[in-house]
Amino acid sequence: MKRRQFLQNTIPAAILPSLVDGFSVKVLGDNPIMAALLNTYVDALPKLIDKKSGKIHTSLDQAWVSTGRLSSRNPNLQNIPIRDERGKEIRKAFIPSGGNHILLSADYSQIELRLMAHLSEDENMIDAFAHNADIHLSTAAKIFKLPENEVTPAMRSKAKTANFGIIYGISSFGLSQRLNISRTEAAALIQGYFSSFPGVKLYMENAVRKAKEKGFVETIMGRRRFLPDIHSANAIVRGVAERNAINAPLQGSAADIIKLAMVNLQKKLQDNYKSYLILQVHDELILNVDKDEIENIRNIVRSEMEHVMKLRVPLVVDIGVGNNWLEAH
DNA sequence: CGTGTCACG
DNA sequence: ACGTACGTGACACGT
């Protein structure tokens, strides 16, 4: 795909490019545990350490991703490994810069599902978040019609997969593949989901209808995604557009929210603190924090991120600190 | 230069 | 009957 530009952004984000001041990196050298595949990181990253700063600097594109997210390249610092045990060694190599500093990571908890609760106004989902419930557990209890203490880990896991699927615009076939169950079972699961969260079903139907009537869907701050394929005679092409209509307002509103929080946070920090933002990874902010400022910065970051917008459900941020990026997470 | 496979949210 | 979850970037490999 050719690189294109999407210029309908409405976020006052001109300040963002100056926020990224780069990571310091501890060179891994010939650490033997890396698999050949992780060449992308082990071989490539040390070569990209800037001679002057001693840091790795990425480029963030604000006008590329169709939903309004940022994208990161040369190198991509938004896909540094974390799940694989060996991959974690790579994440450990990202360390704070300057003496007396520490990395702080602050990430939004379940922001896209919270936005589904907000945008759909589904009472049951709003209620779950209002009570700070374990959302996958409470989803499982509802769709399997059991009290929470009778939900098995397998049921919770299915509900978790269903929750992800809902955000992406689920199909019974897709869900059955991921859960390794029959299509009939998957369809029953989805039906259980919709009867538990009727507002979510309405949200999905409305999103598709709006795309058909107006030609676009929009985020909480008004960024539009145009979906001409919604009228395609080809059912496959049309299906993609329909799922885009469902997903884009969720993913895009999350992007709006964190970008606005970044701008507000930067205004609070600049000229007042030694700590500063170094990266954003979609629902997470990473800061290089002066140790003397840790408690202040924690409070400011949490406050700016959680109170950036008032939604029908609370926004919750998890914060960690550490001597490397893995430890901070 | 396209395809497949990996990494992340 | 169709094919099947959203958004990205980097690398290896075949053409």
Side-chain angles (χ1 to χ4, degrees), chain A residues 1-4 6 34-45 47-48 58-91 94 105-113 115-116 160-179 183 186-187 189-190 193 204 207-208 217 219 223 225 227 229 232-259 279-286 318 325-326 329:
Chain A
M1 191 188 228
K2 292 261 189 291
R3 211 157 176 81
R4 295 171 292 151
F6 291 82
M34 297 304 155
L37 186 151
L38 300 177
N39 247 347
T40 307
Y41 306 101
V42 178
D43 279 350
L45 289 177
K47 293 179 188 160
L48 294 168
T58 188
S59 299
L60 295 179
D61 195 329
Q62 297 197 66
W64 164 240
V65 180
S66 50
T67 56
R69 279 184 171 185
L70 305 183
S71 91
S72 161
R73 58 198 175 105
N74 302 324
N76 181 0
L77 292 184
Q78 292 179 322
N79 73 342
I80 299 301
I82 190 169
R83 297 167 192 164
D84 182 88
E85 276 309 313
R86 295 159 302 173
K88 287 180 178 174
E89 296 300 315
I90 293 165
R91 196 165 271 243
F94 289 81
S105 161
D107 66 282
Y108 281 113
S109 163
Q110 302 291 351
I111 189 167
E112 291 182 8
L113 264 189
L115 282 162
M116 175 62 97
K160 185 176 179 180
T161 303
N163 273 329
F164 270 99
I166 286 293
I167 289 168
Y168 298 148
I170 202 160
S171 73
S172 60
F173 186 88
L175 188 64
S176 68
Q177 294 289 295
R178 270 157 196 80
L179 289 177
R183 204 175 158 171
L189 206 65
I190 293 170
Y193 197 104
M204 295 171 81
V208 172
V217 291
T219 66
R223 182 193 294 102
R225 178 163 185 184
L227 296 166
D229 286 345
S232 172
N234 182 325
I236 298 154
V237 173
R238 195 171 63 245
V240 172
E242 287 170 357
R243 292 193 294 277
N244 290 160
I246 292 161
N247 173 263
L250 302 169
Q251 188 181 122
S253 296
D256 288 347
I257 283 169
I258 196 167
K259 284 158 95 176
L279 190 66
Q280 183 248 53
V281 188
H282 310 307
D283 64 357
E284 170 192 14
L285 298 181
I286 300 110
D318 297 321
W325 194 2
L326 184 68
H329 211 278

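Per chain, numbering begins at 1; letters A, B, ... match sequence-line order.
With sequence neighbours excluded, the residues forming a side chain to side chain contact (heavy atoms under 4.5 Å, CB included) with I258(A) are Y108(A), Q280(A), L285(A), listed by chain and number. When the side chain to side chain contact (heavy atoms under 4.5 Å, CB included) test is applied to I236(A), the partners found at least two apart in sequence or on another chain are N234(A). Remark: Y168(A) engages no residue in a side-chain hydrogen bond (donor to acceptor under 3.5 Å, both in side chains) (not counting sequence neighbours). Contacts of A254(A) classified as side chain to side chain contact (heavy atoms under 4.5 Å, CB included), with partners at least two apart in sequence or in another chain: I111(A), E112(A), L115(A). Residues satisfying the side-chain hydrogen bond (donor to acceptor under 3.5 Å, both in side chains) criterion with T67(A), sequence neighbours excluded, are Q251(A). The side-chain hydrogen bond (donor to acceptor under 3.5 Å, both in side chains) test applied to D84(A) returns R86(A), not counting sequence neighbours. Among residues two or more places apart in sequence or in another chain, the ring-ring contact (aromatic ring centres under 6.0 Å, His included) test is passed with Y193(A) by F197(A). Listed by chain and residue number, R114(A), V316(A), D318(A) satisfy the side chain to side chain contact (heavy atoms under 4.5 Å, CB included) test with S109(A) (two or more places apart in sequence, or in another chain). Applying the side-chain hydrogen bond (donor to acceptor under 3.5 Å, both in side chains) test to S105(A) and every residue at least two apart in sequence or in another chain returns E284(A).
Nearest heavy atom pair, residue P75(A) against residue T58(A), reads O-OG1, 2.6 Å. Considering every non-hydrogen atom in both S71(A) and V65(A), the closest pair reads CB-CG2, 3.8 Å.
Looking at heavy-atom distances under 4.0 Å, I167(A) makes no contact with the nucleic acid at all. If you check every strand for non-hydrogen atoms under 4.0 Å, T161(A) touches a base. If you check every strand for non-hydrogen atoms under 4.0 Å, N244(A) touches sugar and phosphate atoms only. Using a 4.0 Å heavy-atom distance criterion, I82(A) is classed as a sugar-phosphate-only contact.
Between the P atom of dC8(B) and the CG atom of L326(A) lies a distance of 12 Å, rounded to the nearest Å. Distance, L179(A) CG to dA5(C) C1': 12 Å, rounded to whole Å. Regarding L60(A), its CG atom lies at a distance of 11 Å from the P atom of dG9(C), rounded to whole Å. If you measure from atom CG of D43(A) to atom P of dC6(B), you get 18 Å, rounded to the nearest angstrom. Atom CD of Q280(A) and atom P of dG9(B) are 12 Å apart (whole Å). In this structure, the CG atom of L115(A) is 19 Å from the P atom of dC6(C), given to the nearest Å. As rounded to whole Å, 14 Å separates atom C1' of dG7(C) from atom CG of L227(A). Note: CD (E112(A)) to C1' (dC6(C)) measures 8 Å, nearest angstrom.
Going from the C1' atom of dC6(B) to that of dG3(C) covers 24 Å, rounded to whole Å. Of the P atoms belonging to dT5(B) and dT4(C), the separation is 14 Å, rounded to the nearest Å.
Evaluation of atom-type donor-acceptor distances gives no pair under 3.5 Å for the side chain of Q78(A) against the base of dC8(B).
An OP1 or OP2 oxygen of dG9(C) is reached within less than 4.0 angstrom by a side-chain nitrogen or oxygen of S71(A). For the pair S66(A) and dT8(C), the criterion of a side-chain N or O lying under 4.0 Å from OP1 or OP2 is met. In this model, the phosphate group of dG7(C) is not approached by any side-chain N or O of W64(A) to a distance below 4.0 Å at OP1 or OP2.
With pairs defined as Watson-Crick or G-U wobble and both atom distances under 3.5 Å, the stems of at least three pairs that touch DNA chain C come out as B:1-9 with C:6-14.
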Extract from the structure each pairing of a protein N or O with an N or O of nucleotides 10-12 of chain C at less than 3.5 Å, listing the distance.
| from | atom 1 | to | atom 2 | distance (Å) |
| --- | --- | --- | --- | --- |
| dA10(C) | OP1 | N74(A) | N | 2.9 |

Please list, for nucleotides 2-4 of chain C, all pairs of protein and nucleotide N/O atoms separated by less than 3.5 Å.
| from | atom 1 | to | atom 2 | distance (Å) |
| --- | --- | --- | --- | --- |
| dT4(C) | O2 | S171(A) | OG | 3.3 |
| dT4(C) | O4 | R183(A) | NH1 | 3.0 |

Q78(A) vs L70(A), side chain to side chain contact (heavy atoms under 4.5 Å, CB included): CA-CA, chis, key distance, verdict: CA-CA 9 Å; Q78(A) 292 179 322; L70(A) 305 183; 4.2 Å; yes
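Side chain of S72(A) to backbone of L77(A): a donor-acceptor contact under 3.5 angstrom is found.
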